[in-house]
Amino acid sequence: MFEIVERQEMAQGTVVSNWVKAPKIAKKAKPGQFVILRANEKGERIPLTMADTDPAKGLINIIYQVVGKSTALFKTLKVGDGYLDVIGPLGQPTHLDKVGKVVCVGGGTGVAVVHPITRGLKQVGNQVFAVIGARNKDLLILEDQMRAASHELMVCTDDGSYGHHGFVTDMLKKVLTEHQDIALAVCIGPVPMMKFCCKMTKEFGVKTLVSLNPIMVDGTGMCGCCRVTVGGKRKFACVDGPEFDGHETDFEELTARLKGYLDLEKVSYDEFKAAHGSGKCSCCS
Amino acid sequence: MTEEVKPPKREKIPRQKMPEQEPKVRARNFQEVPFGLSPELAQKEAERCIQCKDPRCKQGCPVEIDVPRFIKEIKEGDFEAAIRTLWEMNALPAICGRVCPQEIQCEGLCVIGKKEEPVAIGNLERFAADYQRLHGRDILPPKADPTGKKVAVVGAGPAGLTVAGDLILKGHEVTVFEALHAPGGVLLYGIPEFRLPKEIVAHECHYLERLGVKILVNQVVGRTDTVDELFEQGFDAVFLAVGAGLPVFLNVPGENLIGIYSANEYLTRANLMKAYAFPEYDTPLVKGKNVATFGAGNVSMDSARTALRMGADHSYIIYRRSEAEMPARAAEIHHAHEEGVEFMLLSAPTRFLGDEEGRVKAVECLRMELGEPDASGRRRPVPLEGSEFIVDIDLAVISIGAGANPLLTKTTPGLALNKWGYIIADPKTGKTMKPKVWAGGDIVTGSATVILAMGAGRLSANSIHDFLTMGW
Ligand SMILES: Cc1cc2nc3c(=O)[nH]c(=O)nc-3n(C[C@H](O)[C@H](O)[C@H](O)COP(=O)(O)OP(=O)(O)OC[C@H]3O[C@@H](n4cnc5c(N)ncnc54)[C@H](O)[C@@H]3O)c2cc1C
Ligand code: SF4
Ligand code: FES
């Protein structure tokens, strides 16, 4: 068992952070890599990008949004409980090169994924602008951490309850306009957000990395479930990614494939909610 | 076999049929198809063997099981002796009895087969192993004194498990590193429950653990540890048996539509993740009403038969050659026919068509005819111009073979690979170009069979043992 040693709810309980004991993985993991977790014998294999690690204590940090049965099940795990399986580190680490000025954009739980990359890009000597966003103030996560990880942080909310009233793309545009010498953009969040960010960075001719989250099974390139089309070629996100050139990524295909199990997921989630007698919990927005 | 007692005079006994579930019934459940032989039937079948002095069946067996001896032991009712005989050469008899292509191995060479049906060697092997598992005493084979040497085995499929079983008996410490959350390799994630119950795979792995083998799951070597790091951790030798875990796609338009799976994904969801028991188990699987499986090997039969059990009205095998060229085991093709799998032969897919949501709704195929033999000696399918036709489907399984998964080989400097990415290893010893590293099974040969993977494991185990005890 991989024990949970610290647990925190964020964004009004819709997002949960776990520090999990996994010494071997903690020692090896680099920003951009992910793990696959399974809660119990009957559980699904769920991929989550690591938000942080503490190699000295042998811990990894995962931050997930409750979106269905499996993440709802994860949410029931308390400190002292654990995951049956944690596999990793998987995927390619981010290339953290010094390129000059960079902009990092995170939306929703994507902020958790972009955070270690932002910090890493700053550590190697880049000047880092960061933009994060959420639907409203209460759903915003990791603001302080992102502030520390960057030189300048811009915050957006869809409803204007905090920071800039509008989407992250507004602030991205502002940064790109004010700093014509931005060399790299990293945009991580919901697929539509990444798609629109990439449209914008393309107009400015700025190379853009995105982190893709297709459905996965094994995470080792064995099943092909995670296939995405990048530059017209088939790639396996679990071994070739999860980061890809956003200007080459076929987001339409990814969006469709992510919906492949919506009906079945609902069956499973409804059954879970009924069994747990809640149904009105804040996680099922 | 010291003395030959019986003259070949014998009453003609027909090959004993193994009782099995009715095709109509079993095509809708995931329980094992055959029930196995009763002791009476097994002993009767064993009588059919004439105990050849120079048994051809044994020559046909890749691990050279002493076939007539174990059959004689069954005939005499000494089932424990029979399992010991099998274990001498084969650590996984319950599995081999179920999945080996006996018709081209032992049974294909059996002399009885010249005039009538050959002795049912596979069924007898299965019987002996099942009897031991269900009724036998808790026995283990003898183990040599500890040598203090440590061996790492990467991959817990048949090749890796064989090496683990052989070397632990020779007194070495063995640790198996498996990427998935449970051991068994293709036996677990690929071959379906109705053909090889997972309880049996677990039992065979547990048998190795009882012998002292350490099986560590969730260890993706190349990521969690590299091979060189295993040496740093004190292992004296490493055996690589990671299988051929790379899906091959058709490369036709529309292949990324929802509802199109590689066979690896389809079967892994169904078997390893038990998606057939969804929503009791959390992993979902699209249930097709009209399912097309492309290819005609064992993997294809398994996929097409799984689709029936998942509730398909029509489960098609679409194959570009004819029945004679189908690579699957005879028994699997026979079972698939019986259960109602529909064969569309001499047909090749050209593209998939989808609906607005991106779900597959049809496949377009071309008719083929067989032309001149190609490099493999099989007649090459040639497309018939203008013969396109459309098949309505809502689920497709691509099962046209597997390739070499590069995850491990790319992160292990010093290995030599062939042009397809498989590891180059000495066929007699399993030695790779990297010192102290051996390899065997599908990652060396490309997709083959359970028993060939085990045979390669046996050779490597002997070579590793020589290296650990004598230094070469
Ligand atoms: C659906 C299906 C049906 C089949 N039916 C038959 C049949 O009826 N009869 C028959 O004889 N053969 C059959 N085969 C073929 C047979 O199963 C294989 O030839 C055999 O399993 C190969 O054994 P292996 O040990 O080389 O590899 P595998 O069985 O593939 O095992 C490799 C193991 O290594 C693990 N692994 C991979 N990468 C890593 C890594 N980096 N680190 C750690 N572990 C890793 C994998 O997870 C896996 O568990 C079938 C195959 C399939 C897919
Ligand atoms: S060849 Fe057939 S008859 Fe002869 S020993 Fe083998 S199984 Fe028996
Ligand atoms: S998840 Fe199976 S290949 Fe990527």
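Below, read A as the first sequence line, B as the second, and so on, with proteins coming before strands; counting in each chain starts at 1.
Residue with the most contacts toward chain A among B/I258, B/N256, B/N405: B/N256 (heavy-atom pairs, distance under 4.5 Å). The residue among B/T268, B/D225, B/L246 with the most heavy atom pairs within less than 4.5 Å of chain A is B/D225. Interface remark: of the candidates A/D250, A/V239, A/I25, A/V239 forms the most heavy-atom pairs closer than 4.5 Å to chain B. Contact tally against chain B (heavy-atom pairs below 4.5 Å) for A/E265, A/Q33, A/R38: the top residue is A/R38.
Looking at B/L180 and A/R45, their side chains come closer than 4.5 Å, going by heavy atoms from C-beta outward.
With a 4.5 angstrom heavy-atom cutoff, B/I260 touches chain A via backbone and side-chain atoms both. B/E229 touches chain A through its side chain: at least one heavy atom from C-beta onward sits under 4.5 Å away, while N, CA, C and O do not. Proximity to chain B (any heavy atom under 4.5 Å) is shown, for A/L90, by both the backbone and the side chain. The contact between A/E41 and chain B is made entirely by backbone atoms, counting heavy-atom distances below 4.5 Å. Both the backbone and the side chain of B/T224 come within contact range of chain A, judged by heavy atoms closer than 4.5 Å. Contacts between A/L254 and chain B at a heavy-atom distance below 4.5 Å are absent for every atom of the residue.
For the pair B/P247 and A/G224, the tightest heavy-atom approach, listed with the atom from each and the gap, is CG-N, 3.8 Å. For the residue pair A/C223 and B/E265, the shortest heavy atom distance occurs at O-CB, 3.5 Å.
In the displayed structure, A/K30 atom NZ is contacted under 6.0 Å by at most 12 heavy atoms of other residues, nucleotides or ligands. Other residues, nucleotides and ligands contribute more than 12 heavy atoms inside 6.0 Å of the CD atom of B/Q233.
Checked against ring pair (Phe, Tyr, Trp, His ring centres under 6.0 Å), B/Y266 has the following partners two or more places apart in sequence or in another chain: B/Y261. Judged as a ring pair (Phe, Tyr, Trp, His ring centres under 6.0 Å), and not counting sequence neighbours, A/F34 has no contacts.
With rounding to the nearest 0.5 Å, the separation of CD in B/E357 from CG in A/L262 is 9.0 Å. Rounded to the nearest 0.5 angstrom, B/R223 CZ and A/K24 NZ are separated by 15.0 Å.
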Please tabulate, one pair per line, all N/O donor-acceptor pairs under 3.5 Å involving side-chain atoms of residues 275-295 of chain B, not counting sequence neighbours.
from: B/E280; atom 1: OE2; to: A/K42; atom 2: NZ; distance (Å): 2.7
from: B/D282; atom 1: OD1; to: A/K69; atom 2: NZ; distance (Å): 2.7
from: B/K289; atom 1: NZ; to: B/G311; atom 2: O; distance (Å): 3.2

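Interface residues of residues 226-237 of chain A toward chain B, defined by a heavy-atom distance below 4.5 Å and sorted by number: A/R227, A/T229, A/R234, A/F236.
Checking side-chain atoms of B/N218 against main-chain N and O of A/I87 turns up no donor-acceptor pair under 3.5 Å. No donor-acceptor pair closer than 3.5 Å links the side chain of A/R257 to the backbone N or O of B/G358.
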